[in-house]
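Everything quoted here is computed from the prediction, not taken from an experiment. Count residues from 1 along the sequence.
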Amino acid sequence: MIDAKRLLTDLKRLRRTLDADLRTAHATGTHWDSVRAEWQDAFDRGRTRETFAAFLDSAFDQSVVHWVLCCVFLRFLEDNGLVDRPFLSGPREDQRDLARERQEIYFRARPHDSDAEYLLAIFEEAARLPGLSGLFDPAHNPLFRLPLSGDGAMELLRFFREVVPETGALAHDFTEAEWNTRFLGDLYQDLSEDARKRYALLQTPDFVEGWILDRTLEPAIQEFGHEQVRMIDPACGSGHFLLGGFERLLREWRRHTPDLPATELAQRALDGVAGVDLNPFAVEIARFRLLVAALRAGGVARLASAPAFRMHLAAGDSLLHGRHFSRNELGGAAEGFGRVLRHHYVAEDT
């Protein structure tokens with residue numbers, strides 16, 4: 001069972017350890033060239049007025065948080081039986097044995113690799129499962145840009161495999177009978193102090209989310225019908241409004257077309273919600289939460305047998321990107337009836 005408060009406290013401590021590791025591992029700046037080039041381009045185009053030092057701090061922070069979150073996602077999947085073979089650990093001793101065996105087999109074939117390469121390898125393997133490619137995408141996920149050292153990766157593995165000596169149980173068990181992912185909202189808001197200040201992170205309370213959807217989405221469904229309604233959250237954060245919209249649209253699809261397969265009903269509800277956020281790891285959390293909700297709604301017990309659910313999510317600035325809101329001074333060019341922004345950060349989904 002997930003102890004959200006203790007998990008957050010322990011992960012914040014781990015994040016600080018990994019941040020120090022990352023800065024030491026990249027102290028020479030050999031991996032900074034791409035980060036500096038991205039900053040210079042954004043600065044020259046007027047997209048940012050940050051110093052390079054501040055921009056680099058944010059790059060380190062995003063990388064660390066993504067390393068942590070990707071392990072959280074895997075542990076949630078394996079602890080709740082959604083993957084056939086555990087990647088990191090598991091609440092049962094036999095699962096932990098299988099995870100250790102996976103690692104031993106890897107190092108027998110690659111004895112000169114470190115735990116950092118091992119984690120990257122299991123992320124690559126996980127990305128081949130339905131619905132996970134967007135979470136472990138080397139083109140956009142910041143963890144692939146600034147890798148941990150072998151020692152840092154070893155510390156990350158140790159954290160997610162830690163057991164309580166007195167009981168032999170995992171220190172952090174991600175088993176959740178209802179597959180509730182609300183705990184990820186706490187991680188979104190408080191895991192990174194830098195991100196909380198930079199993006200003014202604050203999750204919406206349940207009663208506020210419900211109150212707003214009652215007065216916006218519900219009347220829209222009544223007026224236009226569930227088949228036509230589309231809902232977008234242009235600052236979606238960890239996805240509370242998206243999950244609420246998904247559940248309400250799913251209810252209507254089930255009521256009107258009960259004979260459709262459960263996975264098809266889930267996909268049609270997913271097609272009714274879309275989200276954008278400036279913060280890349282917020283989008284990762286929202287993506288994972290929607291995936292778990294779709295799996296549950298579709299009655300999918302194993303990820304390997306799931307359809308490739310489509311989700312309409314993007315990291316980016318919803319006030320700048322797109323035809324109607326881009327600015328010429330940021331490199332926009334006339335196209336069709338509007339302008340298209342030509343500058344994008346690496347983590348943004350064009």
Side-chain angles (χ1 to χ4, degrees), residues 11-12 14-27 29-43 47-48 50-74 115-124 126-127 132-149 152-153 155-156 184 187-199 201 236-239 275-289 313-317 321 343-350:
L11 282 179
K12 287 171 74 173
L14 175 66
R15 194 205 66 78
R16 290 192 292 270
T17 299
L18 297 181
D19 183 79
D21 172 84
L22 203 66
R23 290 171 187 275
T24 300
H26 301 288
T30 54
H31 287 80
W32 295 0
D33 291 346
S34 63
V35 180
R36 185 181 290 278
E38 183 181 27
W39 168 79
Q40 191 68 62
D41 185 45
F43 191 88
R47 182 83 190 270
T48 184
E50 281 188 310
T51 64
F52 173 65
F55 191 86
L56 183 61
D57 281 343
S58 178
F60 279 133
D61 186 70
Q62 284 288 335
S63 181
V64 168
V65 172
H66 278 81
W67 277 99
V68 171
L69 285 177
C70 283
C71 290
V72 168
F73 297 153
L74 289 182
D115 284 329
E117 284 81 24
Y118 173 68
L119 283 174
L120 290 173
I122 63 173
F123 292 161
E124 181 182 353
L132 295 190
S133 60
L135 293 170
F136 301 98
D137 176 10
H140 295 97
N141 191 316
L143 77 83
F144 293 97
R145 170 182 263 186
L146 294 169
L148 291 170
S149 72
E155 182 65 21
L156 191 59
L184 288 168
L187 300 189
Y188 154 75
Q189 179 176 291
D190 294 317
L191 181 58
S192 165
E193 183 68 23
D194 178 82
R196 187 171 61 176
K197 291 177 180 178
R198 175 180 289 266
Y199 300 111
L201 306 186
C236 68
S238 58
V276 186
D277 202 275
L278 281 167
N279 182 1
F281 75 71
V283 177
E284 296 290 277
I285 291 174
R287 187 186 308 278
F288 183 77
R289 297 186 71 199
L313 294 167
D317 190 332
H321 297 303
H343 178 272
H344 296 89
Y345 289 121
V346 171
E348 291 182 312
D349 187 341
T350 58

Original post:
Any ion pair linking R16 and D21 (charged N to carboxylate O, less than 4.0 Å)?
Top reply: no
**OP:** Considering non-hydrogen atoms only, spot the tightest contact between L313 and D349 and give its length.
**Re:** O-OD2, 3.9 Å
Original post:
Name the one of D57, N141, N279 that satisfies side-chain hydrogen bond (donor to acceptor under 3.5 Å, both in side chains) with Q62?
Top reply: N279
Original post:
Can you name the closest pair of heavy atoms from L156 and C71 and give their distance?
Top reply: CD2-SG, 3.6 Å
Subject >> Between CD on residue E155 and OG on residue S149, distance to nearest 0.5 Å >> reply: 10.0 Å
Subject >> Side-chain (S63) to main-chain (A59) donor-acceptor, under 3.5 angstrom >> reply: no
**OP:** Hey, could you give me the NZ/CG distance between K12 and D190, rounded to the nearest 0.5 Å?
**Re:** 5.5 Å
**OP:** Apply side-chain contact (heavy atoms from CB on, under 4.5 Å) to A54 and list each qualifying residue two or more places apart in sequence or on a separate chain.
**Re:** E50, T51
Subject >> Separation between CG of D41 and OG1 of T48, rounded to the nearest 0.5 Å >> reply: 11.5 Å
**OP:** Output yes when a side-chain donor or acceptor of R289 lies under 3.5 Å from a complementary backbone atom of S238, and no otherwise.
**Re:** yes
Original post:
Taking all non-hydrogen atoms of both residues, which atom of P280 and which atom of A347 are closest, and how far apart?
Top reply: CG-CB, 3.7 Å
Subject >> Qualifying residues under side-chain hydrogen bond (donor to acceptor under 3.5 Å, both in side chains), relative to D61, sequence neighbours excluded >> reply: R15, S192
Subject >> Nearest-0.5 Å distance, CD1 of residue I285 to CG of residue L135 >> reply: 10.5 Å
Subject >> Parallel, tilted or perpendicular: ring planes of F281 versus H66, cut at 30 and 60 degrees >> reply: perpendicular
**OP:** Mind checking the CZ-CG spacing from F136 to L120? Nearest 0.5 Å is all I need.
**Re:** 11.0 Å
Original post:
So F55 and Y345, would you call those rings parallel, tilted or perpendicular, with 30° and 60° as cut-offs?
Top reply: tilted
Original post:
Are the charged groups of E38 and R47 less than 4.0 angstrom apart, N to O?
Top reply: no
**OP:** Locate the shortest heavy-atom distance separating D277 from A282; write the atom from each residue and the value.
**Re:** OD1-CB, 3.9 Å
Original post:
Are the side chain of H26 and the backbone of P147 linked by a donor-acceptor contact shorter than 3.5 Å?
Top reply: yes
Subject >> H140: side-chain hydrogen bond (donor to acceptor under 3.5 Å, both in side chains) partners, not counting sequence neighbours >> reply: D137
**OP:** State which residue, out of L22, D115, L143, fulfils the side chain to side chain contact (heavy atoms under 4.5 Å, CB included) condition with L148.
**Re:** L22
Subject >> Considering all heavy atoms, the nearest L18-G152 contact >> reply: CD2-O, 3.4 Å
Subject >> Minimum heavy-atom distance R145-V346, with the two atoms named >> reply: NH2-CG2, 3.2 Å
Subject >> Atom pair CZ (R287) and CG (L132), whose distance is rounded to the nearest 0.5 Å >> reply: 10.5 Å
Original post:
Can you find a heavy atom in the side chain of F144 that is under 4.5 Å from one in the side chain of W67?
Top reply: no
Original post:
Does any non-hydrogen side-chain atom of V72 lie less than 4.5 Å from one of L184?
Top reply: yes
